[in-house]
Amino acid sequence: MSQLNHSLLRGLSIMECLFEDSFEGKTLDEIFEATDIPSSTAWRMLQTLEAKGWVVELPVGGSKQGRWRVSAKLTSISASYERHALEQVQTIKREFRGVVGKDLTL
């Protein structure tokens, strides 16, 4: 495990934490509790993820802490992956039809 990038592992742990609970998001304190990543480190990572468009911080009324959530960027990546997977399925169906001479039914 010595060749793994520990900063990246921490960032991914934060993202996985934000995926939980129906994507409701988490405060910095909740992220710390769930990941054991020090708050100052988690905050810097969240700032970096926000700068790259992966997360957003939403204000919480009456609180200094915002609630961090995964951004809509995940949705666009998911849709792109779905289109790619569908293209692969269509290619396989065409190849099957060409070899067997009938449609592939799923």
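- Side-chain contact check for R94 and T91: at least one donor-acceptor pair (N or O, by modelled atom type) lies under 3.5 Å.
- The 12-atom threshold is exceeded at CD of Q88, counting heavy atoms of other residues, nucleotides or ligands nearer than 6.0 Å.
- For S80, there are no side chain to side chain donor-acceptor pair (under 3.5 Å) partners, not counting sequence neighbours.
- Closest heavy-atom contact between S13 and T35: O-CG2, 3.9 Å.
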Pairs of donor and acceptor atoms involving the side chains of residues 36-59, under 3.5 Å and at least two apart or interchain, shall be tabulated with distances.
from : atom 1 : to  : atom 2 : distance (Å)
R44  : NH1    : S40 : O      : 3.3
T48  : OG1    : R44 : O      : 3.0
E57  : OE2    : G66 : N      : 3.3

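- Among all heavy-atom pairs drawn from L8 and N5, the shortest one is N-OD1, 2.8 Å.
- Counting heavy atoms from C-beta outward, K26 and D21 have side chains that approach closer than 4.5 Å.
- The shortest heavy-atom contact between Q65 and L28 is OE1-N, 3.0 Å.
- Hydrophobic clustering, with ILVMFWY side chains joined whenever heavy atoms are under 4.5 angstrom apart, keeps L18 apart from V60.
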Evaluate the criterion salt bridge (Lys or Arg N to Asp or Glu O under 4.0 Å) for residue pair R67 and E24; output intermediate values, then yes/no. CA-CA 8 Å; R67 195 157 200 78; E24 288 298 314; 5.8 Å; no
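- The backbone N or O of T27 lies less than 3.5 Å from a partner atom in the side chain of E30, making a donor-acceptor pair.
- Partners of F23 by ring-ring contact (aromatic ring centres under 6.0 Å, His included), not counting sequence neighbours, listed by chain and number: F19.
- In the hydrophobic cluster analysis, where Ile, Leu, Val, Met, Phe, Trp and Tyr join through side-chain heavy atoms closer than 4.5 angstrom, V99 is grouped together with I92.
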